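Notes follow the structure.
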There are 2 protein chains.
Amino acid sequence: MDESGPSGRPEEDGAPSSRAVRIQDVARLADVSTATVSRALASPERVSPEARARVLEAIAKTGYVPNPAARSLRSQKTYMVLVVLPDLSNTFFSKILRGIEERLFEAGYGMIISDLDGSPEKEAHFAAFTAAGRVDGAILLNGHLFGQSRDGEGTPAKTGIPLVALCEAIPSADIPQIEIDNRAAASGMTQHLASLGHRSIAYVSGPPNNILERERFLGYQEGLKASGLPFDPALVLAGDYTIASGMRAGQDLVARSTRPTAVFCTSDEMAIGLMRTLLSAGLRVPEDISVAGFDDIEFAAVAEPALTTIRQPRRELGQTAAAVLVDLLQGRPSPKRIRLETELVLRDSVAPPQNMEKAPAKITRTSAIKPT
Amino acid sequence: MDESGPSGRPEEDGAPSSRAVRIQDVARLADVSTATVSRALASPERVSPEARARVLEAIAKTGYVPNPAARSLRSQKTYMVLVVLPDLSNTFFSKILRGIEERLFEAGYGMIISDLDGSPEKEAHFAAFTAAGRVDGAILLNGHLFGQSRDGEGTPAKTGIPLVALCEAIPSADIPQIEIDNRAAASGMTQHLASLGHRSIAYVSGPPNNILERERFLGYQEGLKASGLPFDPALVLAGDYTIASGMRAGQDLVARSTRPTAVFCTSDEMAIGLMRTLLSAGLRVPEDISVAGFDDIEFAAVAEPALTTIRQPRRELGQTAAAVLVDLLQGRPSPKRIRLETELVLRDSVAPPQNMEKAPAKITRTSAIKPT
DNA sequence: AGTTCTGATGTAATCGATTACATGGCAACA
DNA sequence: TGTTGCCATGTAATCGATTACATCAGAACT
């Protein structure tokens with residue numbers, strides 16, 4: 001009764017309208033049973049070469065594609081993977097997604113994206129979605145398991161399907177984790193700044209309670225300690241990884257009478273926003289203040305000045321997470337934790353502090369113009 | 001035999017493991033038939049209040065979620081929408097996706113993303129995917145319909161499911177188009193540059209054959225004509241919307257002996273890459289060359305100098321496309337073409353050319369620091 | 001009081017693929 | 001030559017929800 005698509009009649013001209021080429025049609029044309037058709041596709045070695053050839057020919061002739069709903073109903077598999085992330089419009093995720101999509105595609109899986117958007121309602125929806133068996137597995141980028149529809153008390157997320165945590169480790173859950181060593185990376189950057197002579201290094205944080213943030217903050221403190229510098233709470237500025245929060249942090253700094261000589265922002269977005277604010281206020285980067293970022297997003301290299309930062313292998317992170325999940329889905333063993341390497345990318349936004357200009361600053365800096 | 005998830009036994013402790021709460025279980029508990037349960041959910045007005053209450057209670061108690069495969073098999077609906085785009089890692093798309101996801105979610109639809117990545121193989125895969133009835137509809141951001149598995153001769157993409165073209169119109173197809181007026185926007189920016197006194201305005205193009213590119217290029221030419229300026233092919237630089245191509249265009253300009261006084265880049269990415277290259281070569285923006293972009297991505301406002309550009313309502317574009325598609329899916333009528341408004345965003349990267357400094361340049365510029 | 005209509009509910013067919021089990025033919029064996 | 005076993009194939013049950021059709025009770029008629 002609501003059969004009116006954009007085109008009108010369900011059938012016209014020669015072709016019988018892509019709908020309704022069933023396995024039966026193929027079976028009839030190939031003069032075999034439906035079981036043989038199914039087997040010819042799922043386990044070719046179990047049918048005779050002749051039958052297989054006839055089946056394949058019939059499939060080619062009819063353009064048969066198995067009905068996924070029927071297949072899924074019977075076999076309890078969906079060949080779909082859910083990717084849960086906190087904010088789809090965040091630049092940081094797009095390349096990760098791409099990596100995930102690539103690997104999943106290769107393995108024959110589709111990708112469903114859920115942008116949680118901080119909404120518990122959405123979270124509940126996707127929890128139900130998952131529980132309903134709509135996906136075979138999930139990759140979680142949001143740093144926590146979502147609450148189940150019921151029995152949400154003790155163990156979180158007993159979905160029963162394979163899960164993989166990407167970027168944000170989930171401490172309580174016994175699932176594979178793909179991540180970078182945030183702590184070591186943050187410590188490394190802090191020590192790098194200190195090694196250039198900076199004694200007052202500010203830190204622009206991520207959102208509180210965020211696991212990445214906790215790790216990076218620990219790394220920052222570690223780096224200070226390793227460099228023999230005291231930790232000063234006044235140098236910790238609140239951020240949330242967004243450009244806007246970087247600008248706010250910048251305004252905070254501009255308003256101060258005494259400023260740190262270097263600022264370590266835990267995302268490139270914040271670093272870029274912060275630099276913008278400093279520059280607008282007449283401060284120079286890196287001459288007056290050095291600024292470092294985290295992530296190495298595309299825009300880091302073309303920021304003005306080009307941003308010194310920590311490269312995360314984003315695409316590879318996505319690919320790895322997808323590969324691990326596919327392993328799980330196909331019953332293969334998989335490592336419980338994979339840590340990918342980060343890399344300190346030295347560009348122009350960091351230099352030794354002004355008052356000790358003696359040291360040759362630029363020897364470590366890479367070429368700023370590097371057309372990928 | 002491959003029943004070994006990460007947890008081990010399929011059943012443990014009290015809870016009967018989220019699997020296998022069927023409509024029958026609910027029916028038995030509520031002491032009604034499966035038909036009544038189904039009706040209580042699909043058309044509540046068709047069951048008595050008491051029965052409905054008992055059913056809802058039983059559902060709450062069991063945590064029942066309808067099996068989507070079964071539902072889909074019977075009703076021929078998937079409640080899934082495919083979003084096809086050329087490059088998932090492109091910043092420009094992320095906010096559009098967010099808009100799409102929001103609306104789809106509200107309407108109870110899921111979103112499957114297909115990153116074509118320029119691969120015909122992938123395209124064929126998703127065409128088959130679509131034909132297989134795996135989604136109820138699709139939003140196409142890639143500017144063309146994908147080839148069908150068979151009968152790909154005459155009409156392209158006779159998928160039979162509702163389609164919506166977003167951003168890149170698809171001339172040959174009779175499907176709703178959601179877009180901006182690229183031509184008018186490009187013409188407007190060109191005229192804006194001309195009105196400031198620029199007589200030599202370069203144009204950095206998108207990829208050839210791209211429909212956006214064609215429209216914007218026409219707009220550029222129109223704008224020149226409307227301003228009484230001649231069209232000079234030497235001022236057209238090849239780009240492909242990426243940062244890297246913007247940098248290449250910048251190098252081209254830097255190498256020239258006589259340079260245009262303004263450059264209109266048809267994406268913000270290119271504009272930012274180009275500015276970076278100019279600045280590195282010692283040229284000043286906007287004093288030596290004005291640079292304008294297109295899109296108004298997040299980073300445009302924090303570029304140095306802040307980028308004058310054309311704002312596309314990206315989230316709204318996504319939302320609108322999704323809303324139109326949902327209308328189609330639910331049998332409601334929908335407009336054939338929707339054009340959303342763009343907006344000229346005046347920032348600091350554009351100013352009158354050097355040699356006619358007399359005019360007051362800055363009166364039209366908006367505040368550069370605007371923490372969203 | 002008898003008939004008709006309406007609204008709530010139940011029974012069972014159905015969607016299309018997978019797969020356990022059954023069957024039949026042929027080779028390998030004693 | 002008779003028996004055993006394997007391989008290719010077919011038959012039919014199955015997955016879980018939707019829905020056409022049947023049924024039945026009670027209200028509203030004549």
Side-chain angles (χ1 to χ4, degrees), chain A residues 1-3 10 16 18-56 58-59 62-79 108 128 131-134 136, chain B residues 1-3 10 18-56 58-59 62-79 128 131-134 136:
Chain A
M1 92 209 215
D2 55 359
E3 183 58 39
S18 64
R19 200 151 302 191
V21 180
R22 280 154 16 267
I23 197 171
Q24 281 220 16
D25 305 326
V26 175
R28 198 174 313 125
L29 189 60
D31 198 31
V32 294
S33 71
T34 60
T36 301
V37 175
S38 179
R39 281 191 280 254
L41 288 161
S43 38
E45 76 284 358
R46 294 186 44 81
V47 309
S48 68
E50 309 85 52
R52 195 188 319 156
R54 288 210 310 282
V55 166
L56 293 179
I59 287 175
T62 55
Y64 166 73
V65 180
N67 180 313
R71 180 211 290 268
S72 170
L73 175 60
R74 178 64 224 239
S75 63
Q76 309 287 5
K77 297 196 174 181
T78 62
Y79 285 98
R134 224 153 161 164
D136 292 344
Chain B
M1 83 214 220
D2 55 0
E3 183 57 42
S18 63
R19 202 151 300 191
V21 181
R22 284 157 9 272
I23 196 171
Q24 282 219 15
D25 305 325
V26 175
R28 199 173 314 124
L29 190 60
D31 197 32
V32 294
S33 71
T34 60
T36 301
V37 175
S38 179
R39 281 191 281 254
L41 287 161
S43 38
E45 75 284 358
R46 291 185 46 80
V47 309
S48 68
E50 308 85 53
R52 196 188 318 155
R54 288 211 309 281
V55 167
L56 292 180
I59 288 176
T62 55
Y64 166 74
V65 181
N67 180 312
R71 180 211 290 269
S72 170
L73 175 59
R74 177 64 223 242
S75 63
Q76 309 285 6
K77 296 194 177 181
T78 62
Y79 286 96
R134 223 152 160 168
D136 292 343

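No experiment lies behind these values; they were computed from the predicted model shown. So that the names make sense, note that chain A is the first sequence line, chain B the second, and so on, each numbered from 1.
Going from atom CD of E45(B) over to atom C1' of dA8(C) covers 13 Å, rounded to whole Å. One can place CZ of R74(A) at 12 Å from P of dA13(D), the figure rounded to the nearest angstrom. In this structure, R71(A) places its CZ atom 11 Å from C1' of dG16(C), rounding to the nearest Å. Look at CD1 on I23(A): it is 8 Å from C1' on dG16(C), rounded to the nearest Å. In this structure, the CD atom of E50(B) is 10 Å from the C1' atom of dA8(C), given to the nearest Å. The CD atom of Q24(B) sits 12 Å away from the C1' atom of dC15(D) (whole-angstrom rounding). Between the CZ atom of R28(B) and the P atom of dT9(C) there is a distance of 19 Å, given to the nearest Å. D25(B) places its CG atom 14 Å from the C1' atom of dC15(D), with the value rounded to the nearest Å.
Remark on DNA chain D: of its neighbouring residues A42(B) and A69(B), the 5'-side contact belongs to A69(B), judged by nearest-heavy-atom nucleotide. Between A35(A) and D31(B), the residue anchored closer to the 5' end of DNA chain C is D31(B), taking for each the nucleotide with the nearest heavy atom. Place T34(B) and L73(B) on DNA chain C by their nearest nucleotides, and T34(B) ends up nearer the 5' end.
No contact: V37(B) has no heavy atom under 4.0 Å from any strand. A51(A) comes within 4.0 angstrom of the backbone, heavy atoms only, and of no base.
Note: Q76(B) CD to N67(A) CG = 7.0 Å, rounded to the nearest 0.5 Å.
Between Y64(A) and I23(A) the shortest side-chain heavy-atom distance falls below 4.5 Å. You'll find the side chain of L41(B) reaches within 4.5 Å of the side chain of I59(B), heavy atoms only.
Checked by atom type, the side-chain pair D136(A)/T78(A) shows a donor-acceptor distance below 3.5 Å.
Of the listed nucleotides (dT18(C), dA8(C), dT18(D)), dT18(D) has the atom at the smallest distance from the side chain of S38(B). The side chain of R46(B) lies closest to dT9(C), out of dC15(C), dG10(C), dT9(C).
In this structure, T36(B) does not reach the dA8(C) phosphate: none of its side-chain N or O atoms is under 4.0 Å from OP1 or OP2. OP1 or OP2 of dA17(C) sits under 4.0 Å from a side-chain N or O of Y64(A).
What you find for R52(A) and A40(A) is that their closest heavy atoms are CG-CB, 4.4 Å.
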